[in-house]
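Here the structure is a predicted model, which is why all the values come from computation and not from measurement.
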Amino acid sequence: MDTGVPHPRFARAGMREWAGLALLVLPTMLSTMDFGLLFTATPSLGATLPAGGVQQVWIVAGYGVVAAGCGVTAGALGDRIGHRRLLVGCAFLFGLVSFVAAYPDSADMLTITRGALGVCGAALLPAARSLVVALFRSPRQRRLALRVWVGALLFGGAAGPVVGGVLLHYYWWGSVFLIALPVMAVVVAAAPAVLPESGDVDAAHPLDMVGLLLSLMVALAFVWGLSDLAVPGVPGAPLVSLLIGVGAGGWLVVRRRGNGSTTGSAAVLLGGALAGGVGYLAVQFLQVVAGRSALGAGLLLLPAAGALVAGSVLAPVLARTFDARQVVAGGLVLAAAGCAVLTAGTAGVVTGVALVCLGVAPTWPLGGRLNRDTATFVARTGGLAGAALGVAVLGSVALLAYQGLVRIPPGVPGAAAGDSVAGATATAGELPAGLGAALLTAARAAVVDAFDTAALVACCAALVLAALTVLRRRRAATAVTTEPATALREAA
């Protein structure tokens, strides 16, 4: 009998639910923004703290590396203890650790606090997404709310360098961490009033501690090995670290076999890697070579932020006409073209980063259509994992190229100038004016060549994955023609 009362499953949201969504947007944006906030701060940080080139890479990438390893387990933990409880607790810890990170005693302390922030960020994202789903019962409103949440996720990641540049223009580099305090204070205070408790212990996956350790081992071993390639005198250690990462990754795949194709996960990872790695190097180029301030470098990346958001909105529209793999592959080709444009000076850097962001944007909204486990992977810090990997890979490539290409003028003491451009800048400040200027000229020339080398590596990686995506589509099409029943199910 029709009573005229809508079923609770399809009840429309009111002011409380929309206020809850607005509140959830805050930690979502901050969690992804925190990764890119240090992009513009790296030159200032290198001059303030005695951090070499490799440690600077770790300070930037450590947040995403740890978040990548903890993301899946954090989602299962939220099912057990409640997602609102997890969100409030991690928001409090995020603010507390951010305060400590703003006043570090050493580069090692900053690296450790960045890892601790990564643990909190890994829990905030899946908790926020689960609460968005719990808030909205109407399918149409839930889809809209999730689009808003994903938009906040992408905008936060793209706006990180811009916000960091604005803060560095008026304050010191530690201020990039202090913005978390008022945001997380609002979340902790308002969450009990506007957010429901959400969790399902009966349906929760068991806490896979072995999987957590393997995920952390894979992320840490790969980034450690890649970054240590730029450390002279330890040729065997990076190889051992990479082999450990491969072994742990193989074990993890065996434990989680049966989840379908890995193309979607690879696309999400590489999309994040290209956006994160290219953005990181572009900021260094604009500040070191082009002579832009932190604010100027951040503002020049505004088109890239807009392109990332626009591409994520446009991709589902294109997927209505074209196959999702075609859209992702075409975007990766566009990203490869953007990597090639990066080598054309300052204008090329600004245009190239925007093209890269526009090209990789479809990997996030369409990655879940390439294989069925990717939607969970994206919701649980897949983009951060790729961004951390991109900073580690492209940062290490650029660092190795710099060390091999820089020509230190005679009379320059110490090895710091040959280790990184930050070391060269610090050394130049202690030298006579003429010798210091010659050192800076040599360092900037090496940075340009190293940047071009890293851009070429990124271009090749994007083209390879685009080709693999198309090949996977062809194999899938062949399977459809040979299995009519499967084809009908896929069409449905």
Item to complete: Sequence neighbours left out, what pairs pass ring pair (Phe, Tyr, Trp, His ring centres under 6.0 Å) with at least one residue falling in residues 91-132?
Response: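 Residue pairs with at least one partner in residues 91-132: Phe99-Tyr103, Tyr103-Trp172.
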Non-neighbouring partners of [X] that pass ring pair (Phe, Tyr, Trp, His ring centres under 6.0 Å), sequence neighbours left out:
X: Phe451; answer: Phe285
X: Phe39; answer: Phe35, Tyr280
X: Tyr171; answer: none

Item to complete: Please examine the side chains of Met109 and Val100, heavy atoms only from C-beta on, and report whether any two atoms are closer than 4.5 Å.
Response: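 Val100 vs Met109: side chains touch.
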Who are the side-chain contact (heavy atoms from CB on, under 4.5 Å) partners of [X], not counting sequence neighbours?
X: Val25; value: Met29, Val148, Ala152
X: Ala455; value: Leu342, Thr343
X: Val186; value: Leu23, Leu26
X: Ala145; value: Leu21, Val132, Phe136

Give every donor-acceptor pair under 3.5 Å between a side-chain atom in residues 349-356 and any protein atom, sequence neighbours left out.
{"residue": "Thr351", "atom": "OG1", "partner": "Ala347", "partner atom": "O", "Å": "3.0"}

Item to complete: Evaluate whether atom CZ of Arg292 has more than 12 neighbouring non-hydrogen atoms of other residues, nucleotides or ligands under 6.0 angstrom away.
Response: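 No, because the 6.0 Å sphere around CZ of Arg292 holds 12 heavy atoms or fewer from other groups.
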Item to complete: Go through the structure and list residues passing side chain to side chain donor-acceptor pair (under 3.5 Å) with Thr28, not counting sequence neighbours.
Response: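 Expected list: Trp149.
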Worksheet item: Which pairs, with at least one residue in residues 169-179 and sequence neighbours excluded, count as a salt bridge (charged side-chain N to carboxylate O under 4.0 Å, His left out)?
Response: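 For residues 169-179: none.
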Item to complete: Can you tell me which residue pairs pass the salt bridge (charged side-chain N to carboxylate O under 4.0 Å, His left out) test with a partner in residues 112-125, sequence neighbours excluded?
Response: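 Qualifying pairs, neighbours excluded: Asp34-Arg114.
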Item to complete: Please name the pair of heavy atoms, one in Leu394 and one in Ala454, separated by the smallest distance, quoted to 0.1 Å.
Response: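 Minimum heavy-atom separation between Leu394 and Ala454: CD2-O, 3.7 Å.
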Discussion item. Please find the pair of heavy atoms, one from Leu178 and one from Ala102, that lie closest to each other, and give the distance.
Written reply: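 Smallest interatomic distance, heavy atoms only, reads CD2-CB, 3.6 Å.
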Worksheet item: Counting distance only, does the side-chain N/O of Gln287 pair as donor-acceptor with the main-chain N or O of Gln284 below 3.5 Å?
Response: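 Absent.
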